[in-house]
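The structure appears below as structure tokens.
The residues of the chain are indexed from 1 along the displayed sequence. Remember, it's a predicted structure, so these values are computed and weren't measured experimentally.
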Amino acid sequence: MPQTINGIGTTYYGKKNLETEIAACESCGYQGEMLSYETGYYFVFLYIPLIPLGRKQVLDFCPACSHHRVMPVEEWKALKQQVIEQSTTKLAANMENADAAIEHLQTLTAFHQIDEARQLTSAIEGTHGGDVDVQLFLGSWHDLYGDRQDADRCFEQAFKLDPNHPGCLRAHGIGLIEKGEVDQAKATLQPLEPPSQDYDPAVFFMLASAFQEKNDHAGAMEIFEMISNTTPQFGREKWFRQAVRHSEKMLGQSSGQSILPRQSIFKSKLAWAAAIAAVLLISALVWNWYIANNTTVYIVNGNSFPIEFAIDDGELIKIRSMGRASITIPEGSHSVTILKPTKLAEKSFTFKRGWFQRFLFNKTYVLDPTETSLVYVQTATYVRKPALPNVPDQYEYLPAQVFHELSGIHYEFDELPHEIDMETKTLKKKRVAFFESAPEVLMAEQLTISIEEKDKIFRRRVELQPDDILFLAQFSRFSSMYKRERQFVEFLNERRKVRPVEIQIHRAYQREMTRNYVKNEAVLEKEYDELLAKESQNPDLLYLRGRLADTTDQINEYSDRALKIDPDHLYSLFAKAYCHLTRGEFSEGKTLMERVKKSQADNTMFNELYRDIVLAVGTPKEIDKANGRYRSRSPNEFLQGYVQNSEALMARGKVAEAKQRYDRARGSFDLYKDEISRVVAMVHWAVLNRDEAKCVVPKNSVSPQYYDFFEFQLNLRTDSRKSLAALNRFLPTVPPQTHLQVLIAAALKLEGHDKQAEEIINSLKRATKFYEAEEVQLLQLLKECTQREILAEEVKKYSVSINVKRCYALAILVFSKSYQDEFLKFAQKINYDYAFPHHFIEDSIKKVIEKRAR
């Protein structure tokens, strides 16, 4: 809603497509013309419009209190078109149905399509003119919109169709009254007199008033007496008493003979004082009781998904993602039960105020059903004299809990004003607000809440959506950052007891247990074998057991067992597609993933695998389509698609188009522009555009690790002694990822530095206890490749990720004395991803082929 303070703020300007409707204001009760129109929404300075903020549609503006509703014009037009089209379609399918025609007329009327509505009334009258109820409805509609002749015609036709119908009698009687034919009107309305269920005292009061206008006060009194006997409350109304007294006076009746009930009055001042005091006391008691039983509580949902919950097992309450609502509840103890997205254990909260506190102290109550919203209080200090220094706002972040009781809040979820009128030198104002509990926010150092509080929010968030892979990954990162890995594993282990099985919780547990400790793989296999012994027909557990297997054949064996139990088990279909991908069987994997995506299009893990497969076999257009849906979601998900598309474009030489994507990305996600800049710099660096990369991200604008990694990628693609020295310098900083060190060894080997290359490989072999079982096997193949030819199938069968496998495939080619063409084709085939180290592998394979040709 527009608001201006001292001439500064927002307001509406202009009225276009003005429409009026006679109705009652839902805010103040005013009965009259309600206005609807299109207007401009502007920021004003000294009441002068300066900045247009968009076009708005004002609905049902009340001239008495200015209450109205408002929405963007385009949304209003879209809603209007959608509803009218739906109503028209429904009518077209039921042309002979009078109810459908009436419903369409009401729809047109609601959207102020009065001319179209008038045309429709003629059509309805022509089609359903023999229906009494339709004629009555049309008559009422015409009467409302001033079409008096049409209204009379419809009412007369209805009366002809059914002279005994109560509605027809009422309409015909009113028509006779308006014509002054009171005797005929009385005769017509007689069937509606008490004890008729259709008796309407207002109609008979109209008849009595008509008798008065004819100076037939005896006839009027007869009807007034009937109304007074059947509707006693009329006898207490001023307008009714005045009408009756007028007829009694004209008939010469005294006040003692009046049909009106007597009204008692206080004649003593003491009685009046006592009555007033009693009324005030009762009013205070009632008002205090009302406050206690109708306390406003604000509900917040700081999650990226909607929630549904119930208070005290009452009606279902729905709150949209990052949404807010308010309810009124009585003081006392209450319970909250989350029902969606996942039913959680009941939580309780209590609040109560004293008798005088309800009048004297203003409190704000905030309900956070999921305990995941980041609620805070912002305190602003306003300074009267410009000479005084400005005081920065203070922020108090509240603990994650179900219920907050706050005092001294001036603005509840509204922005603080830029300036206010004040008499003192300084003045403080407080507002309460909240923001999303996104993982990047929770891990920000600026969020001054304890590590325990952040951990609590992470846990509750995972309990609500245990299948959110990205959030689980960030929880893992958070736990590692603050040395809470043990607590994280204990939390996951406890959640593993939940049924039905929460697959992503189990997968997170498996990843945590096997991270850098290959010995835990045997422990995990034993654990899941024991679980399967108890639940042998659980396809989820079969899938999870298969994810612990080393080879694609073993994974497929467990997946096939799960699919025999449930032919549509999506995770098992996903596992088989993953095996096809890592074996280079892209078309087979794509067929399976298209089947999976039809059933579950929003699963992040499924979408990532599908995008990988499309990147391997799809056209640029297909890659764009696979990544397109991420552009409207979170920056982290957006970047995944952005990186793949940009790298593919850069690899094909379409640098200008890649830059356009980069500019759009910065504009769409301004808060993440630094991260996007780093990604774009890596894309440039991967294709040797050193100058472009430095322009995007200067050396002093990123961490040394980022810049070293850029140098690492570049130096892997050159043959100079300088690059070799840089590789040796970079080697100690490489993270414990064997495939990166394997790449360095391959680079050294290709440059003729066999001894250094062998030293790297031998150091990896000595540290195999820290690697995953699949990498241990690949290292063994790398060791054997100098004595024998390694077959493609020997590398294909291991279930290690395709990004790791392509590094080992290259190393085996480089270190092998001989190789088969099938192995070479496999190494080239799985190097489909244009991200690092695609270009290095591509160049290296060419060197291996050239070396063999010599």
Identify, with sequence neighbours excluded, every residue that meets side chain to side chain donor-acceptor pair (under 3.5 Å) alongside [X].
{"X": "Q820", "answer": "E789"}
{"X": "R545", "answer": "D529"}
{"X": "E585", "answer": "H580, R583"}
{"X": "Q828", "answer": "none"}

Report the residues that fulfil salt bridge (Lys or Arg N to Asp or Glu O under 4.0 Å) with R561, sequence neighbours left out, ordered by chain and then residue number.
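Expected list: none.
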
Apply salt bridge (Lys or Arg N to Asp or Glu O under 4.0 Å) to K590 and list each qualifying residue two or more places apart in sequence or on a separate chain.
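Expected list: E622.
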
Residues which pass side-chain contact (heavy atoms from CB on, under 4.5 Å) with [X], listed by chain and number, not counting sequence neighbours:
{"X": "S801", "value": "Y578, N803, V804"}
{"X": "S559", "value": "I555, S572, A575, K576"}
{"X": "Q554", "value": "A549, D550, T551"}

Just by distance, no angles: are the side chains of R507 and Q504 close enough, under 3.5 Å, to form a donor-acceptor pair?
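No donor-acceptor contact under 3.5 Å links the two side chains.
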
Between N603 and Q600, is there a side-chain donor-acceptor contact under 3.5 Å, judged purely by atom types and distance?
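Short answer, yes.
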
Output every pair passing ring-ring contact (aromatic ring centres under 6.0 Å, His included) with a member in residues 541-561, not counting sequence neighbours, ordered by first then second residue.
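Applying ring-ring contact (aromatic ring centres under 6.0 Å, His included) to every pair that reaches into residues 541-561, excluding sequence neighbours, yields Y543-Y571.
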
List the residues meeting ring-ring contact (aromatic ring centres under 6.0 Å, His included) with Y482, not counting sequence neighbours, and say none if there are none.
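Y482 satisfies ring-ring contact (aromatic ring centres under 6.0 Å, His included) with F478 only.
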
Under the ring-ring contact (aromatic ring centres under 6.0 Å, His included) test, residues paired with Y528 that sit two or more places apart:
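Y528 satisfies ring-ring contact (aromatic ring centres under 6.0 Å, His included) with H506 once adjacent residues are dropped.
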
Heavy-atom side-chain contact between E463 and T342 under 4.5 Å
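When only atoms from C-beta onward are counted, T342 and E463 do not touch, as no gap falls below 4.5 Å.
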
Flag yes if more than 12 heavy atoms outside R511 fall under 6.0 Å of its CZ atom; otherwise flag no.
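Check passes, neighbour count above 12.
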
